[in-house]
Amino acid sequence: MILIKLGGSVITDKSQYRTFRKDVMARLASEIAQSGQSVIVTHGAGSFGHIVAKKFYINQGLIDFNQVPAIAHVQYDVRDLSQMVVNQLRAANIPAVSVAPGSCFVMDDGKLIATDTEAIRALAHMGIMPVLFGDVLMDRAKGFGICSGDQLMELLCDIFKPDAIVFVSDIDGLYTDDPKTNPDAKLIPEVTKKTLEEIRTGSTVDDVTGGVVNKMEAMLRMCEGGREVALVNGNVPGRLLALLSGEDVPCTMARGERYDNQRQEG
Ligand code: IP8
C-alpha cells in the first residue's frame, strides 16, 4: 500500500482564497487510478486553510475570542475542499470518503492524539479510501491548533505501515536553495538526516505549518526500516504515475536505514 499526500500547493492556488485546481486534481486522481496501486490519499489545506488561519493566528491557540468564528470558518472551508478532492477521486472510480480530523481527533500542545482510529481502519479494510486533510483541531493545552496533512501522514504511516510514501508538491523535490528565486539551485536526489542539516530553503508563500525543510524532517521520520519516501512534482503531467509505476523520475527520495543494516553495524 502507498500513502500519498497531495500538497495544498498543487491542488489549490495558495495565493487566491478558496481556489481549487480541479483539472490538476482530476489528473492526479486518474494517475492514481491508472497506477493500479492500493493507495490512501491525504491532502493539504492550501488556500482553503492557510489564508484565514494565518489572519486569525489559529496555530498559536486561543488568544482572544475573535478567533472562535474563524475556527468554524476554516473547518468549513477545508471540509469543502475535501469534498471536491473526493469528488475527483470518485470520478476516477476510486471509492473514497472524506474523514474530518477535527471531528474525530484532538491535539495536546500541538501533538496529534488519535486514540480511536477504528473507523479509518475499517473503511480501508472495506476497500473505501479514507481521505484525511489538514484541519483545525481542538487542543487540550492551547484550546485549538492546526494539524497539518504531514502530521496526519505520520499517523497513517503508524496505522497502515505502507510500503512507500509519496508527497506530491509543486516542486521537483528538495533543492540546494530556493529554485523559485535562485536559478543555480540544484535538485537533491536523495536526502538523509545529515544532508538536511546543511540545507536552507523556504516557502515563497505564507504557510502556517512550515516549508520544505519541515516536510523533509517528517519524511525522514517515516522512512524507518528502509521504506522509500519521495517528494515529487504533481504539476508535471504523468510524473506521479511514472513514480508509482516504479520508473526513475526527478524527485527527492528520503531513505532511512534498514533494520538489518543497523543490526549488522551494531
Ligand atoms: O496544508 C494545514 O494543513 P497543511 C491545515 O497540510 C490548515 O499544512 C487548517 C491550515
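Start at 1 and go down the list; that is how both ligands and their atoms are numbered. In what follows, every heavy atom counts, from backbone to side chain, and hydrogens, waters and symmetry copies are set aside.
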Polar contact flag for [X] and ligand 1 (N/O pairs, less than 3.5 Å):
| X | result |
| --- | --- |
| G49 | no |
| V78 | no |
| K5 | yes |

Considering only heavy atoms of [X], which atoms of ligand 1 have at least one such atom less than 4.0 Å away?
| X | result |
| --- | --- |
| G134 | 3 (O), 5 (C) |
| I146 | 2 (C), 5 (C), 7 (C), 10 (C) |
| G149 | 3 (O), 4 (P), 6 (O) |
| V74 | 9 (C) |

Do [X] and [Y] have side-chain heavy atoms sitting under 4.5 Å apart?
| X | Y | answer |
| --- | --- | --- |
| Y57 | D64 | yes |
| Q37 | I32 | no |
| L137 | V106 | no |

- Task: Check D135 against ligand 1 and report side chain, backbone, both or neither, counting heavy atoms closer than 4.0 Å.
- Result: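 Backbone only.
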- Query: Quick one: which of N87, V86, L89 gives a side chain to side chain contact (heavy atoms under 4.5 Å, CB included) with M25?
  - Reply: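 The residue from N87, V86, L89 that satisfies side chain to side chain contact (heavy atoms under 4.5 Å, CB included) with M25 turns out to be L89.
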- In plain terms, say whether E217 and R221 are close enough for a salt bridge, that is, a side-chain N and a carboxylate O under 4.0 Å apart.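 The answer is no: the pair does not qualify as a salt bridge.
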- Query: For residues E31 and S35, is any side-chain donor paired with an opposing acceptor at under 3.5 Å?
  - Reply: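 No - no donor-acceptor pair under 3.5 Å links their side chains.
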